[in-house]
Amino acid sequence: MVDREELESVCKRRGFMWPSSEIYGGEAGFYDYGHLGARLKDGWELIWKDFFLGLNDNYHMIYTPNILPYRALKASGHVDLFSDIIVHCMRCSASYRADHLITDLTGKNVEGLNASEIEGMIKENEMKCPSCNGNFSEAEEFNMMFSLSIGPTGEHKGFLRPETAQGSYMNFFREYRALRRQMPMGLATIGNAFRNEISPRQGVYRLREFLQAELQIFFIPDTNDMTFEDMYDGKAEVTVLLDGEEEARRVRMDELEDLPVFYRSHLAKVYEFYREHMNLAPEDVRLRELSKEEKAFYNLIHFDVEINMPSLGGWKEVGGIHYRGDYDLTKHQEESGTKMSIPVNGTRVVPHVLELSFGVDRNIWAVLDRGYRLDEREWLSLPKRCAPYHVAVFPLVRKDGLEERSREIYKVIKREFRAFWDRSGSVGKRYARMDEIGTPLCITTDYETPEDDTVTVRDITSKEQVRVKVPELIDIIGSIIDGEKEFGELQR
RNA sequence: GCAGGCGUGAUCCAGUUUGGUUAGGAUUAAGGCCUUCCAAGCCUUCUGCCCGGGUUCGAAUCCCGGCGCCUGCACCA
């Protein structure tokens with residue numbers, strides 16, 4: 001069981017993350033990454049890029065701005081739909097989403113109505129506060145986007161983007177040509193998104209400024225199936241919680257035959273990413289299918305990736321696999337007049353989008369939550385490649401030339417790996433420090449080093465050591481960090 | 001946003017009820033001595049009452065306002 005406050009304490013004390021602008025009291029929904037958090041986040045992003053861009057030769061990174069003009073978000077639907085109509089009770093001052101109130105009372109779906117239309121319905125039905133029977137205030141529109149004015153006169157209206165996806169959609173056709181008209185095509189990006197959350201809570205879990213890692217896959221349904229079929233192993237097992245079922249269960253991918261191939265293949269790969277690269281146990285990660293009520297209107301199929309995080313009270317969403325159909329490209333085509341369709345078998349077709357979306361901050365927290373260990377030591381078991389430091393180098397004691405030799409070895413190693421050198425305190429103390437920040441390997445020069453040019457390599461998990469020759473260090477560290485070898489396989 | 005609780009060195013906590021010596025402890029950190037493998041020991045050292053205002057001879061302590069955090073409710077296209 002991981003205590004959230006204990007983990008937050010470690011994060012602050014050692015340099016992972018903490019509330020932003022804290023010397024001025026902070027502002028809810030914003031977090032800083034310190035020197036270790038930044039390394040951890042960079043490591044996570046590297047693994048993510050390697051894995052997801054590696055799925056297909058035609059999946060690529062792009063970067064687009066944080067600020068979007070009004071029309072882009074008008075087209076995407078965010079100006080009209082990424083907002084809630086709120087009413088307040090004038091007696092007990094509770095606030096409610098007006099559309100929920102009306103739907104609960106009348107059963108009507110009022111999505112898309114504006115504030116005055118909503119208010120009319122409230123008056124018409126003589127609605128009262130459910131908790132105290134008081135009267136309601138006027139309806140107010142609350143949009144979750146941060147609005148901006150662009151330019152000196154401020155006449156160009158814009159917003160901080162509420163999701164990174166729109167940048168990929170708007171670039172679809174230019175990249176389609178630049179990438180020589182290949183389908184499927186994937187545009188991935190890692191960048192900030194902004195939502196003016198009413199009540200940011202739970203540390204880094206719900207932020208007002210957060211980092212998304214997204215891959216938008218453009219494809220023509222039914223024609224690209226062979227490409228996707230080759231991508232995954234139908235015998236691979238995943239944990240799913242399907243809509244309408246009470247319990248998550250293990251299934252083979254090819255049992256999910258109701259899902260189209262393009263979707264099933266990426267679902268399998270997302271699960272593989274968490275099991276094999278984030279080192280999560282099968283019982284700690286699941287794919288949850290959202291019900292019709294939970295899904296956004298444009299999503300045809302939607303599974304969330306959920307990780308069991310005791311520090312946040314259980315299963316929490318860290319990503320989603322969204323089949324958005326042709327909604328996005330069609331909307332941008334209509335608003336901009338730019339052609340988004342491509343020729344297929346003599347007709348023009350607007351490609352469909354499969355979106356793989358990940359909240360980086362949540363994923364970082366998940367890595368820390370699932371990695372935190374408190375036994376006879378306090379330590380972090382991190383995926384080795386994203387650990388802030390891959391390897392630390394120490395002298396056993398600070399005399400007889402051991403310190404100088406350890407420094408020489410460190411200088412060689414740090415060219416290849418994220419490395420750390422320390423000489424303070426006792427060697428045990430230094431191991432303990434590295435345990436606390438999740439450094440997988442520690443190398444110590446001792447009295448045998450000057451005699452036969454060997455050092456000890458210590459494993460964070462078992463605390464065991466093996467003695468290896470200095471010239472072999474780079475290869476050995478590399479094979480452990482990359483997961484090609486387990487520490488236990490090294491010759492003792 | 002509402003209700004309740006809370007805010008003390010880097011971290012965690014005592015002190016606030018009943019205002020009154022240099023605000024205490026643990027951990028951590030830095031420098032040194034020592035040290036032949038898992039937070040040993042010794043010496044030295046840094047950092048604090050969330051912010052602002054008020055009451056008072058005197059405020060960490062009482063009052064008002066603000067900010068933040070926690071829990072619940074609401075919210076999370």
Side-chain angles (χ1 to χ4, degrees), chain A residues 3-15 18-30 34 73 76-89 91-101 111-112 129-132 137 140 142-145 162-163 195-203 205-208 210 293-299 302 313 316-317 322 359 376-379 394-400 402 423-436 442-450 455-460 462-465 467:
Chain A
D3 179 65
R4 168 153 154 239
E5 291 184 11
E6 177 55 32
L7 188 49
E8 284 180 347
S9 164
V10 175
C11 284
K12 284 197 262 187
R13 186 155 35 87
R14 295 272 104 141
W18 46 81
S20 191
S21 301
E22 64 175 346
I23 66 169
Y24 293 109
E27 187 70 49
F30 300 95
L73 290 158
S76 71
H78 286 88
V79 169
D80 297 319
L81 299 174
F82 197 59
S83 62
D84 298 324
I85 311 287
I86 304 277
V87 290
H88 306 280
C89 170
R91 187 189 292 175
C92 71
S93 77
S95 52
Y96 299 93
R97 279 188 55 172
D99 56 340
H100 285 186
L101 284 177
E111 202 164 78
C129 172
S131 69
C132 78
S137 66
E140 295 168 20
F142 174 75
N143 194 293
M144 299 260 292
M145 292 192 291
E163 60 177 11
R195 295 178 190 181
N196 198 2
E197 296 284 354
I198 294 167
S199 173
R201 289 273 177 97
Q202 303 200 90
Y205 184 72
R206 180 171 301 133
L207 295 172
R208 289 186 166 127
F210 57 102
E293 292 70 38
E294 291 174 293
K295 279 190 304 195
F297 64 93
Y298 51 73
N299 275 333
H302 181 166
K316 289 293 195 178
E317 174 199 351
H322 313 131
E376 79 283 10
R377 300 174 286 165
E378 184 175 37
W379 61 291
F394 312 132
L396 182 60
V397 293
R398 277 160 59 181
K399 56 182 184 183
D400 303 322
L402 298 185
R423 47 162 250 183
S424 80
S426 64
V427 72
K429 180 77 174 177
R430 300 192 287 258
Y431 290 145
R433 282 194 195 107
M434 292 301 102
D435 287 344
E436 198 178 13
C442 293
I443 291 165
T444 302
T445 58
D446 58 18
Y447 282 95
E448 287 183 49
T449 305
V455 291
T456 60
V457 179
R458 170 201 185 258
D459 169 50
I460 189 173
S462 62
K463 296 162 67 181
E464 286 176 4
Q465 293 179 304
R467 181 164 289 280

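Lettering of chains follows the sequences in order, A, B, ..., and the numbering in each one begins at 1. All values below were derived from every heavy atom in this structure, side-chain atoms included, with hydrogens, water molecules and symmetry-related copies excluded.
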Note to self: Distance check, P atoms only: B:G53 and B:C12, in whole angstrom units.
What the structure shows: 27 Å
Notebook entry, point to check: For atom P, what is the distance between B:C2 and B:U11, given to the nearest Å?
Noted result: 29 Å
Check: In whole Å, what separates the C1' atom of B:U61 from that of B:C75?
Finding: 37 Å
Item checked: A:A28 side-chain proximity, nearest of B:G68, B:A29, B:U35 -> B:G68
Notebook entry, point to check: Between the side chain of A:R377 and the main-chain N/O of A:A432, is any donor-acceptor distance below 3.5 Å?
Noted result: no
Next item on the list: Send over the distance from A:E27 CD to B:G66 P, rounded to a whole Å.
Entry: 15 Å
Next item on the list: Report the nucleotide, chosen from B:C38, B:A77, B:U36, that has the shortest atom-to-atom distance to any side-chain atom of A:Y431.
Entry: B:C38
Notebook entry, point to check: Does A:K429 offer a backbone N or O that forms a donor-acceptor pair with the side chain of A:S426 under 3.5 Å?
Noted result: yes
Item checked: Proximal nucleotide (of B:A39, B:U71, B:C37) relative to the A:L396 side chain -> B:C37
Next item on the list: Check whether any side-chain nitrogen or oxygen of A:R423 sits under 4.0 Å from OP1 or OP2 of B:A30, and answer yes or no.
Entry: no
Check: Which nucleotide in the list B:U71, B:U11, B:A39 gets nearest to the side chain of A:S426?
Finding: B:A39
Margin query: At 4.0 Å (heavy atoms only), tell me whether A:R430 reaches a base, stays on the sugar-phosphate, or touches nothing.
Written below: nothing
Check: A:M434 CE to B:A39 P: how many Å, rounded?
Finding: 15 Å
Notebook entry, point to check: Could you give the OH-to-P distance, from A:Y205 to B:C70, as a whole number of Å?
Noted result: 15 Å
Next item on the list: State, yes or no, whether a side-chain contact exists between A:K295 and A:H322 at a heavy-atom distance under 4.5 Å.
Entry: no
Margin query: Counting the atoms with a prime plus P, OP1 and OP2 as sugar-phosphate, which does A:S199 contact under 4.0 Å by heavy atoms, base, sugar-phosphate, or nothing?
Written below: base
Item checked: Pair partner, B:C2 [Watson-Crick or wobble, under 3.5 Å] -> B:G72
Margin query: Taking B:G48 as the reference, what is the distance to B:A23 when you measure between their P atoms (whole Å, please)?
Written below: 12 Å
Margin query: Between A:N143 and A:V79 (side chain of the first, backbone of the second, donor and acceptor by atom type, cut-off under 3.5 Å), is there such a pair?
Written below: yes
Note to self: Would you measure the distance from the P atom in B:G32 across to the matching atom in B:C13 and give it in whole Å?
What the structure shows: 33 Å
Item checked: Closest nucleotide among B:C75, B:C37, B:C69 to the A:I198 side chain -> B:C75
Note to self: Let me spell it out: for each of A:R433 and A:R208, pick the nucleotide of RNA chain B with the closest heavy atom. Which residue's pick is nearer the 5' end?
What the structure shows: A:R433
Next item on the list: List in numerical order all residues of residues 19-26 of chain A for which some heavy atom is under 4.0 Å away from an atom belonging to RNA chain B.
Entry: A:G25, A:G26
Notebook entry, point to check: Considering only the P atoms, how many Å lie between B:C46 and B:A30, rounded to the nearest integer?
Noted result: 16 Å
Notebook entry, point to check: Would you say a side-chain N or O of A:K295 is under 4.0 Å from OP1 or OP2 of B:A77?
Noted result: no
Notebook entry, point to check: Among B:C73, B:C75, B:U11, which nucleotide sits nearest the side chain of A:R201?
Noted result: B:C73
Check: Expressed as a whole number of Å, how far does the P atom of B:A59 sit from that of B:G19?
Finding: 13 Å
Notebook entry, point to check: If you look at every strand shown and take non-hydrogen atoms under 4.0 Å, does A:F394 touch a base, only sugar-phosphate, or nothing?
Noted result: nothing
Check: Which residue, A:G428 or A:E8, contacts RNA chain B at a nucleotide closer to its 5' end, judged by nearest heavy atom?
Finding: A:G428
Notebook entry, point to check: In terms of side-chain heavy atoms of A:R398, which of B:U35, B:U36, B:A10 is nearest?
Noted result: B:U35
Check: Roughly how many Å is it from NZ in A:K399 to C1' in B:U35, rounded to a whole number?
Finding: 6 Å
Checklist line | Selected nucleotide, minimal atom distance to A:E378 side chain, candidates B:C38, B:C37, B:A39 | finding: B:A39
Item checked: Given B:U11, B:A77, B:C37, the nucleotide with the shortest approach to the side chain of A:K12 -> B:U11
Note to self: Give me the atom names and distance for the closest heavy-atom approach of A:V397 to A:L402.
What the structure shows: O-CB, 3.6 Å
Next item on the list: For B:U28 and B:C42, measure between their P atoms and round to the nearest Å.
Entry: 13 Å
Checklist line | Heavy-atom donor-acceptor pair, A:R195 side chain to A:P162 backbone, under 3.5 Å | finding: yes
Note to self: Minimum heavy-atom separation for A:R467 and A:T456, please, with both atom names.
What the structure shows: NH2-CG2, 3.4 Å
Next item on the list: Answer yes when A:K463 and A:E376 have at least one side-chain N-carboxylate O distance shorter than 4.0 Å, and no when they do not.
Entry: yes
Item checked: Residue pair A:H302 / A:E294, side-chain heavy-atom distance below 4.5 Å -> no
Check: Does A:K429 put a side-chain nitrogen or oxygen below 4.0 Å from OP1 or OP2 of B:A40?
Finding: no
